[in-house]
Student: 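Can you keep this structure in mind? I'll have questions shortly.
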There are 4 protein chains.
Amino acid sequence: MRKEPRQNRSRATVEAILRAGARVLSDAGWAGFTTNRVADLAGVSIGALYQYFPDKLSLVDAIRRRHIGDCLSVIREYKDAGLPPAQFAETLVRAMIATHSVYPGLHRVLLDEAPSSDDHRNPNSEFEIEYLGYYMQAISSCRKRGPSAADHTTSLIISDAIDGVIHNAARRNKLGDPVIQTELARLIRLYLEDTSDVSAANVP
Amino acid sequence: MRKEPRQNRSRATVEAILRAGARVLSDAGWAGFTTNRVADLAGVSIGALYQYFPDKLSLVDAIRRRHIGDCLSVIREYKDAGLPPAQFAETLVRAMIATHSVYPGLHRVLLDEAPSSDDHRNPNSEFEIEYLGYYMQAISSCRKRGPSAADHTTSLIISDAIDGVIHNAARRNKLGDPVIQTELARLIRLYLEDTSDVSAANVP
Amino acid sequence: MRKEPRQNRSRATVEAILRAGARVLSDAGWAGFTTNRVADLAGVSIGALYQYFPDKLSLVDAIRRRHIGDCLSVIREYKDAGLPPAQFAETLVRAMIATHSVYPGLHRVLLDEAPSSDDHRNPNSEFEIEYLGYYMQAISSCRKRGPSAADHTTSLIISDAIDGVIHNAARRNKLGDPVIQTELARLIRLYLEDTSDVSAANVP
Amino acid sequence: MRKEPRQNRSRATVEAILRAGARVLSDAGWAGFTTNRVADLAGVSIGALYQYFPDKLSLVDAIRRRHIGDCLSVIREYKDAGLPPAQFAETLVRAMIATHSVYPGLHRVLLDEAPSSDDHRNPNSEFEIEYLGYYMQAISSCRKRGPSAADHTTSLIISDAIDGVIHNAARRNKLGDPVIQTELARLIRLYLEDTSDVSAANVP
DNA sequence: GATGAATGAGTATTCATTCAT
DNA sequence: CATGAATGAATACTCATTCAT
């Protein structure tokens, strides 16, 4: 950020810009994300936007930092709870859907479309590593045993399947449908409960 | 399309443009998809491109029509085969991954980023109806029973979970990883085999 | 200037702004001379700058007035000294170099790049008239005779040649080189000593 | 340049842009040099300008390359002629004035104001080295003796004095004045003819 | 008075599309 | 028919200047 907002007025401005930016990204995608449109929607002048964000990329980075923080919070909250698979799946799915409900398209646009200074698309980006790390902890905690090498693959499958279902539900405007939520949770539960998997081989 | 290519040369030109377009969409996304870039890569002049496609949208529509046709073929092929869940899941996943391997990013860009004249995002678009219809047939065929209302939800969950896993694998350059393929198939198989689901309630 | 600074604090503020302005003009040229940058460097707020200077032009005019005053002082000091050509040239060159050493680029930027309300580029500007007038006096005093019409041309040649050599030395970071100083003085001396010139014709 | 003009039409476009650019730089300086203004004056659209020049800097570089070529030609032409000082000075000054007469402000703007990719301001820029090299050859050729280390300083003084007088004459709209030309030539001749200089020490 | 947040006209650059050759 | 030069609306970003606090 170009400069730290000190007065109340400027903090409100920055907040409005971030909200408007998330809205525009979610609704119009990266191609429709123009700085003038964001400023308009935020109700500030284009100059005000550039007081705080030196360029378009830094704005989208700020929006991403905030959104990724939200995503990490969700999984971080349950990673050590030791809930049984049925409850873990149910809780995780509900929380993820809630996180994606305000700006349904935001996650996809931030991860797939929008460019980034730190390349978060990289499988070794800080975000991916932290995110999958939490998932692996959650899985071993859920299965009441120590970590296993195969948990990495399990994490990928679970997080990506959830991602796919939520993202397509958002596309179809069905994020609020309780049947989707129940069935997605069932998909995850069945996968977690099955012990005939490759990971079993690694746990003596 | 502005005019039907009749001569061989014209057909080759159109083919080159479509291939180049798919490549650019897959590699550079909608934001990097410029008509001049496509013409360059296709080895034709920008004027030639506009001979066959009246505007950018008609070009992306043509690319989409072709890609969607490929996707439909995959599921259409197995919808009446009556394979047991394990084999159906295995076969379906393998075929889907193969379909996405030539232009790994194309599917996502076409469905999520690129605008469209006929709104294919619409849950009632021709494509979605046909696609999900095939899935529903495949599911009831797989379960050796007649169709059920709940098969619609099952179709959504399965197709969207596959979509999510494949798309993120592509993003991580892991589309060829056999472990991903096996585990994705297992996820789908477990879900199909479980009969404690809501759909059971709908079948007397 | 918008208002005369009366208190000590105000005078210090104005002084800081003028110094910062000269520094920025010298280092970054007219294109890099922004009011916010000057205010920053001066350690005052942009609002304070606009308290004393109603706009950017008035600021650059104030800087120019001060610099031109310094230049006039140099030549005014020696115009009636009646030094022989060798000493006059030596002294003049040394003093001119000293005057340009604090803000080496300032003179050029003020005269060539920066716009001005009173058009100082105009050959009939107050500054040019006074400056060349002093030169003409110095020349006739140096040659121990009365003024001549041709002294105007001689003044132009001498002042412009000095200007060119000093300005290019500054550009090459060689303003401090004593060889440059010696040779420039020699150039001027030879020209002043030569009596076969047109000016001779004009003095009966 | 972004692409080589092949057809006649495009060669004319590039030529018009270069001429218009030189005119704008000369008349309005770097600060007034806007790409839209250049395109307007050239009678082409802004898009056409960017077909040939990828950005503003590349345009000013092209203008500079051409102008510097002209300057080098002048001195290159006389460097080996072996003319006596009086004629050499006369000829050089006349040619230099002619070169600066089409776009009187251009030289100053290109060397002092406009930024450059290859930093031609650098005393070690290709241009400076070649330019001063020619001057040194011309001086030793003019003095009918071999090269001397002090010729470097002599070159600086002569070229910079000429630069200063021409540039200020241009500023005063007096480039065409024959008295200026005569007197400038005299200044240079006297300096070249004087053998009491430091360079004498280096010639046994 | 002093501050610095906000404004918005102006500038560089891109890219879909047209049309003379 | 094919080519590629030309067009110009749209978009990112800057900076002189104002004014609420």
Side-chain angles (χ1 to χ4, degrees), chain A residues 2-14 31-39 43-59, chain B residues 3 7 9-10 13 31-40 44-57 59, chain C residues 3 5 7 9-10 13 31-40 44-57 59, chain D residues 2-14 31-39 42-59:
Chain A
R2 190 170 260 174
K3 82 184 174 193
E4 218 47 40
R6 298 189 184 181
Q7 304 179 6
N8 269 343
R9 182 168 52 140
S10 49
R11 251 180 284 123
T13 298
V14 168
F33 181 77
T34 73
T35 51
N36 280 285
R37 189 167 172 182
V38 172
V44 305
S45 72
I46 185 63
L49 188 154
Y50 278 93
Q51 292 261 340
Y52 301 101
F53 303 95
D55 54 25
K56 194 177 171 172
L57 218 65
S58 72
L59 172 55
Chain B
K3 68 185 172 193
Q7 303 176 6
R9 185 169 51 143
S10 305
T13 299
F33 181 77
T34 73
T35 52
N36 279 283
R37 186 168 175 181
V38 172
D40 269 8
V44 305
S45 72
I46 184 64
L49 189 152
Y50 275 89
Q51 290 278 334
Y52 298 104
F53 303 95
D55 57 24
K56 196 179 173 175
L57 217 61
L59 172 56
Chain C
K3 65 184 174 194
Q7 303 175 7
R9 184 168 52 142
S10 306
T13 299
F33 181 76
T34 73
T35 52
N36 279 283
R37 187 169 174 179
V38 172
D40 268 7
V44 306
S45 72
I46 183 64
L49 187 152
Y50 276 89
Q51 290 277 335
Y52 298 104
F53 302 95
D55 57 24
K56 196 177 172 175
L57 217 62
L59 171 56
Chain D
R2 190 170 257 173
K3 82 185 175 193
E4 219 45 41
R6 299 188 184 181
Q7 304 179 4
N8 270 342
R9 182 168 50 140
S10 49
R11 249 179 285 122
T13 298
V14 169
F33 181 76
T34 74
T35 52
N36 279 286
R37 188 167 173 181
V38 172
V44 305
S45 71
I46 185 63
L49 188 153
Y50 278 92
Q51 293 260 338
Y52 301 102
F53 303 95
D55 55 25
K56 195 176 170 172
L57 218 65
S58 72
L59 172 56

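Residue numbers begin at 1 in each chain, while the letters A, B, ... track the order of the sequences.
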Student: Determine: side-chain N/O of Arg9(D) to OP1/OP2 of dC19(E), distance under 4.0 Å, yes or no.
Tutor: no
Student: Report the residue (Asn36(C) or Thr34(A)) whose heavy-atom-nearest nucleotide on DNA chain F is the more 5′ of the two.
Tutor: Thr34(A)
Student: Please report the shortest heavy-atom distance between Ala48(A) and Thr13(A), naming the atom on each side.
Tutor: CB-CG2, 4.5 Å
Student: What about Gln51(D): does its side chain form a donor-acceptor pair under 3.5 Å with the base of dA5(F)?
Tutor: no
Student: Under 4.0 Å, heavy atoms only, any strand: does Arg11(D) hit a base, just the sugar-phosphate, or nothing?
Tutor: nothing
Student: Is the shortest side-chain N/O distance from Tyr50(A) to OP1 or OP2 of dT14(F) below 4.0 Å?
Tutor: no
Student: Heavy-atom distance under 4.5 Å between the side chains of Leu59(C) and Phe33(C), does that happen here?
Tutor: yes
Student: Any side-chain N or O of Thr35(B) below 4.0 angstrom from OP1/OP2 of dA16(E)?
Tutor: yes
Student: Picking from dA6(E), dA6(F), dT13(E), which would you name as closest to the side chain of Ser10(D)?
Tutor: dA6(F)
Student: Rounded to whole angstrom units, what separation is found between the CG atom of Asn8(A) and the C1' atom of dG4(E)?
Tutor: 14 Å
Student: Please check if the number of heavy atoms outside Arg2(D) that lie under 6.0 Å from its CZ is greater than 12.
Tutor: yes
Student: Provide the Watson-Crick or G-U wobble partner of dT21(F), both distances under 3.5 Å; none if there is no partner.
Tutor: dA2(E)
Student: What's the OH-C1' distance between Tyr52(A) and dA6(E), to the nearest Å?
Tutor: 8 Å
Student: For Phe53(D), report the nucleic acid contact type (base, sugar-phosphate, nothing); a contact means any heavy atom under 4.0 Å.
Tutor: nothing
Student: Closest-nucleotide mapping onto DNA chain F: is Arg37(C) or Ser45(B) further toward the 5' terminus? I mean the 5' end.
Tutor: Ser45(B)
Student: Supply the atom-to-atom distance Thr34(A) OG1 to Ile46(A) CD1, rounded to the nearest 0.5 angstrom.
Tutor: 8.0 Å
Student: Atom OG of Ser45(D) and atom CD of Gln51(D): how far apart are they, to the nearest 0.5 Å?
Tutor: 8.0 Å
Student: Rounded to the nearest Å, what distance is computed from the CG atom of residue Leu49(D) to the C1' atom of nucleotide dT14(E)?
Tutor: 13 Å
Student: Send over the distance from Arg2(A) CZ to dA5(E) C1', rounded to a whole Å.
Tutor: 14 Å
Student: Does dA6(F) have its OP1 or OP2 closer than 4.0 Å to a side-chain nitrogen or oxygen of Thr13(D)?
Tutor: yes
Student: Which is true for Val44(D) with a 4.0 Å heavy-atom rule: it touches a base, it touches only sugar-phosphate, or it touches nothing?
Tutor: sugar-phosphate
Student: Starting from the 5' end of DNA chain E, give me the residue, Ile46(D) or Ile46(B), whose nearest nucleotide shows up first.
Tutor: Ile46(D)
Student: Just compare dA5(E), dC13(F), dA12(E) and give me whichever is closest to any side-chain atom of Lys56(D).
Tutor: dA12(E)
